[in-house]
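Taking it in order: structure first as structure tokens, then the write-up.
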Amino acid sequence: MEIKENVINNIKNARRGFALTGAGISAPSGIPTFRGEDGFWRNKDPYELASPSGFKKDPQLVWDWYNERRFNIREAGPNPAHYAIKEIGDSFEKFVIITQNVDNLHQQAGSKDVLELHGNIFGNKCNLCGKIFNNVESKEVPHCDVCDGLIRPDVIWFGEALSSDVLKEAWRWTENSDICLVIGTSAVVQPASYLPILARENGAFIMEINKSRTVISPYVDESIIGDVSIILPELARLRLSSL
Ligand code: NAD
Ligand code: ZN
């Protein structure tokens with residue numbers, strides 16, 4: 001694999017930065033992406049499965065689908081790309097992983113600084129009063145012990161707003177990063193895909209790692225086309241060999 005000189009120089013010399021990750025980083029773990037060829041939404045209407053109106057219409061269908069995803073994620077575990085970005089991050093003075101994924105696999109690979117834009121699939125909350133419930137294991141949709149509302153996954157659904165605290169924190173990283181790695185995301189979901197653009201305006205070097213070009217490719221400094229589980233370990237090797 002040929003990695004360009006300016007990518008090598010930037011990955012070696014950066015001291016502060018962030019990665020923006022999407023479903024593609026978990027694809028080599030066997031977790032389907034949303035929009036790729038084998039994406040999960042292909043035969044299903046996403047609005048039925050991941051929206052407040054879908055949950056209202058058929059809470060059990062949504063709950064079953066999330067249970068199935070939780071089971072698959074538990075079986076899967078992190079892949080070499082998750083471990084490589086952890087190693088890269090640890091070698092920086094400051095580094096955060098800003099993820100659109102809800103699968104907890106960055107944390108499982110040992111990354112400590114992870115900002116979850118869309119929540120975590122293992123969290124749950126009451127649909128009415130918002131009470132948080134962890135470790136809910138139930139085949140039937142459970143009810144809240146405070147208000148009897150239905151319990152739902154604590155993730156951001158279509159049509160829902162991101163947490164403003166998480167977003168503010170993500171924004172801060174675009175202000176003084178040397179580098180931003182955009183990894184395995186189709187970059188069509190806002191406001192996540194705007195983060196690299198902002199970071200670039202503020203002087204960061206933006207490199208994208210994806211198996212194909214995306215809508216953000218024209219706006220980054222370099223697009224490395226290939227499998228994240230091969231490219232990221234190579235970038236980690238380059239970085240660590242220079243320290
Ligand atoms: P997406 O499905 O829209 O895009 C996935 C991207 O990854 C594509 O651009 C594809 O080309 C690339 N890709 C797939 N396999 C790859 C590989 N092996 N190597 C390199 N690139 C690869 O995903 P997204 O951009 O994260 O979409 C956003 C939404 O999908 C988010 O809201 C997120 O919450 C949700 N989502 C999360 C998970 C998860 O937690 N693992 C899974 C599916 C979807
Ligand atoms: Zn409640």
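For ligands, and for the atoms within them, numbers begin at 1 and follow the listed sequence. Start at 1 with the first residue, then count along the sequence.
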Item to complete: Identify which protein N/O/S atoms are less than 2.8 Å from the Zn ion (ligand 2).
Response: C126 SG, C129 SG, C144 SG, C147 SG

Item to complete: Have a look at I183, N210, I31 and point out the one with the heavy atom closest to atom 12 (C) of ligand 1.
Response: N210

Discussion item. Is there a polar contact, in the sense of an N or O pair closer than 3.5 Å, between V102 and ligand 1?
Written reply: yes

Worksheet item: Cation over ring, R152 on Y66, under 6.0 Å and within 45°?
Response: no

Fill in: Least distance between heavy atoms, G22 atom then Q100 atom
CA-NE2, 3.9 Å

Worksheet item: For atom 4 (O) of ligand 1, which candidate among S186, A27, A50 holds the nearest heavy atom?
Response: S186

Practice prompt. Would you please determine whether A192 falls within less than 4.0 Å of ligand 1 on a heavy-atom basis?
Written response: no

Worksheet item: Do we see a donor-acceptor contact under 3.5 Å between the side chains of S26 and D103?
Response: yes

Worksheet item: Would you say ligand 1 has an N or O under 3.5 Å from any N or O of V228?
Response: yes

Worksheet item: What's the shortest heavy-atom distance between I11 and L238, and which atoms?
Response: CG2-CB, 4.4 Å

Item to complete: Determine whether any heavy atom of P32 lies closer than 4.0 Å to an atom of ligand 1.
Response: yes

Worksheet item: Can H82 and S111 be counted as having a side-chain donor-acceptor contact under 3.5 angstrom?
Response: no

Worksheet item: Which residue pairs satisfy the side-chain hydrogen bond (donor to acceptor under 3.5 Å, both in side chains) criterion with at least one member in residues 121-134, sequence neighbours excluded?
Response: R70-N124, K131-D145

Worksheet item: Any N or O on R69 sitting closer than 3.5 Å to an N or O of ligand 1?
Response: no

Discussion item. Surrounding CG of N135 (heavy atoms of other residues, nucleotides or ligands, distance under 6.0 Å), is the total greater than 12?
Written reply: no

Side-chain donor-acceptor distances from residues 187-199 under 3.5 Å, at least two apart:
| from | atom 1 | to | atom 2 | distance (Å) |
| --- | --- | --- | --- | --- |
| Q190 | OE1 | S193 | OG | 3.4 |
| Q190 | NE2 | S193 | OG | 3.4 |
| S193 | OG | V189 | O | 3.2 |

Worksheet item: Between the side chains of D227 and S229, does any donor sit under 3.5 Å from an acceptor?
Response: yes

Worksheet item: What residue pairs, at least two apart or across chains, pass ring pair (Phe, Tyr, Trp, His ring centres under 6.0 Å) with a residue in residues 117-151?
Response: none

Worksheet entry | Closest to atom 37 (C) of ligand 1 (judged by heavy-atom distance), picking from N101, L20, N79 | N101

